[in-house]
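Every chain is numbered from 1, with letters handed out A, B, ... down the list of sequences.
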Protein chains: 2
Amino acid sequence: MRISAKSEYGVRAMVRLARQFGDGPIPLSQVAAREKISLDFLEQLMLLLRRQGLVHSARGIHGGYLLALPPSTISVGDVMRAVEGPMVNMPCLDRGEGDDPCCTMGIHVAGCATRDVWALLQEKITQTLDGVTLADLCQGQPLLPLHQPALLRELSLLAQ
Amino acid sequence: MRISAKSEYGVRAMVRLARQFGDGPIPLSQVAAREKISLDFLEQLMLLLRRQGLVHSARGIHGGYLLALPPSTISVGDVMRAVEGPMVNMPCLDRGEGDDPCCTMGIHVAGCATRDVWALLQEKITQTLDGVTLADLCQGQPLLPLHQPALLRELSLLAQ
DNA sequence: ACTAAACACGACTAAATCAGTGGGGATTCT
DNA sequence: AGAATCCCCACTGATTTAGTCGTGTTTAGT
Ligand code: SF4
Ligand code: SF4
C-alpha cells in the first residue's frame with residue numbers, strides 16, 4: 001500500500017498550480033524546480049492530467065499549464081485517478097459478480113469472503129481522497145483534527 | 001495503491017484458520033491447497049504472523065498453525081501490519097515534525113502541505129482495516145451495505 | 001526568417017520490488 | 001527410524017517504478 005511517486009508528484013504539482021490559479025499558464029520548468037521533481041517525469045504526469053481535462057496547456061514561449069477548474073472543485077482523488085488509474089488495484093473489484101473468475105481462487109468472485117474487505121477499503125479510500133480538494137491544501141490550517149475519532153468528527157461536521 | 005499478495009494471502013489464510021478456530025493446529029499444506037496459495041510463500045507469511053503473536057505453531061507430525069486469539073479480536077489491520085509492515089508506506093509519516101528532512105523536498109516535513117493528505121489517508125485506512133475482524137469475515141452476511149453513505153451507516157451502528 | 005522556450009509523445013533503461021523457489025535444518029508423533 | 005510438519009534464509013525471474021532521452025511541434029519575440 002505505498003503511495004507512488006506519480007501520485008505524490010501529481011498532487012504536489014497540482015497544489016502548486018492551484019496556488020497560482022488565475023495567473024495564466026505556469027511553465028513546468030518552474031514547478032519542477034520549486035518542487036524538486038524531474039522535469040521529464042513531470043511532463044508525463046501533466047500530459048495525463050491534461051487528457052483527463054483537469055488542466056489546460058498552452059504551448060510556445062509563454063506557455064505552460066493551468067488548472068482547468070477552480071481549486072475547490074478538483075479533488076486529490078481526481079488527480080490520483082488521472083495519473084495512476086484506479087485508486088485501489090484489486091482486479092476482482094472491477095468485475096461484476098457474474099463475470100469470469102479472475103483470481104488465484106479460480107472461483108466465482110461471489111464465493112470469496114475477503115473480497116468484501118477490499119471493497120470496503122476501496123470505498124473508504126475513495127471517499128477520503130475525493131473529500132479533499134486542492135483548495136483545502138492551499139490554506140495553511142490543518143486538514144484534520146488528529147487523534148479524534150472519526151465518528152465524533154463527522155458528527156461535529158454534521159452539526160454545523 | 002495496490003494490495004499485495006502478501007496481504008491478500010495473509011488475510012485469506014487467517015480467515016481459513018478462524019473458521020476452524022478450536023479444532024487444534026491446522027497444517028499449512030491444507031490451507032495452501034484450499035486457498036490455492038504456494039505453500040512455500042505461505043510459510044513465510046505465517047512465520048511473520050507468529051512473530052507478531054497472532055498465531056501459535058505446533059511442530060511435528062500433527063502440527064500446524066492456530067489462531068492465538070479468538071477471531072473477533074484479530075483485525076484485518078493486525079494481519080496486514082504483520083505481513084507487510086506499515087499500512088501506508090510514506091516515509092515522512094513515520095517521522096516527527098522535528099526530524100531530519102526525509103524526502104525529495106529536502107525541507108522540514110512541517111513545511112509540506114500535501115503531507116496532511118497522506119496522514120489523513122493513513123488514519124482512514126487504519127480505522128477501516130482495524131474495524132473489520134476475522135470473525136466478521138467468517139459470517140456469510142455482507143460486510144457493508146454498499147451504496148450507502150458512510151455516515152448513515154455509522155449512525156445506524158451507533159443506534160444499535 | 002530565425003531562435004529560444006515551452007509542450008507532445010514515444011522509446012528506452014537502471015533500479016527496486018514482488019512473488020515465488022529451493023534447500024537445508026529442527027521438532028514431534030507413530 | 002521415518003514421515004510430516006514447522007523454521008529460516010538465500011536466491012531468482014518477472015514486473016513495476018521512476019525516471020531519461022530523442023525528436024518533433026507550437027508560439028513569442030527580434
Ligand atoms: S481470492 Fe477473493 S479477494 Fe482475492 S482476487 Fe479472488 S475474489 Fe478477489
Ligand atoms: S514532499 Fe511532503 S508528502 Fe512528500 S515525502 Fe516530503 S513531506 Fe512527505
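Following rounding to the nearest Å, B:L39 (CG) and C:dA19 (P) show an atom-to-atom distance of 18 Å. In this structure, B:L49 places its CG atom 12 Å from P of D:dC7, rounding to the nearest Å. The NZ-C1' distance, from A:K36 to D:dA18, rounds to 19 Å in whole Å. Put simply, CD1 on B:I61 is 19 Å from P on C:dA26, counting in whole angstrom units. Rounding to whole angstrom units, CG of residue B:L28 and P of D:dC8 are separated by 14 Å. Taking atom CZ of residue B:F41 and atom C1' of nucleotide D:dA14, one finds them 14 Å apart after rounding to whole Å. Atom CG in A:L17 sits about 10 Å away from atom P in C:dC7, given to the nearest Å. In this structure, A:M90 places its CE atom 14 Å from P of C:dC18, rounding to the nearest Å.
A close approach under 4.0 Å does not occur between any side-chain nitrogen or oxygen of B:S29 and OP1 or OP2 of D:dA4. Considering only side-chain N and O atoms, B:S57 lies under 4.0 angstrom from the phosphate OP1 or OP2 of D:dC7. The phosphate of D:dT16 has neither OP1 nor OP2 within less than 4.0 Å of any side-chain N or O from A:S4.
For B:Q44 against C:dT21, a side-chain N or O and a base N or O form a donor-acceptor pair under 3.5 Å.
At least one side-chain heavy atom of B:L121 sits less than 4.5 Å from a side-chain heavy atom of A:L129. Side-chain atoms of A:M1 and B:N89, non-hydrogen and from C-beta on, never get closer than 4.5 Å to each other.
Between B:R59 and A:E43, the residue anchored nearer the 5' end of DNA chain D, judged by the nucleotide with its closest heavy atom, is B:R59. Nearest-nucleotide assignment on DNA chain C puts the 5′-proximal partner with A:D40, out of A:R2 and A:D40. Projected onto DNA chain C by closest heavy-atom contact, A:H62 and A:R51 fall at different nucleotides, the more 5' of which corresponds to A:H62.
Across D:dC6, D:dC8, D:dG19, the shortest atom-to-atom separation from the side chain of A:Y9 is found for D:dG19. The side chain of A:R50 lies closest to C:dA8 when the candidates are C:dT21, C:dA8, D:dC7.
In this structure, B:T73 contributes its side chain and B:L69 its backbone to no donor-acceptor pair below 3.5 Å. In this structure a side-chain-to-backbone donor-acceptor pair under 3.5 Å is present from A:R115 to A:C92.
Between B:R12 and B:E35 there is a salt bridge, with a side-chain nitrogen of the basic residue lying less than 4.0 Å from a carboxylate oxygen of the acidic one.
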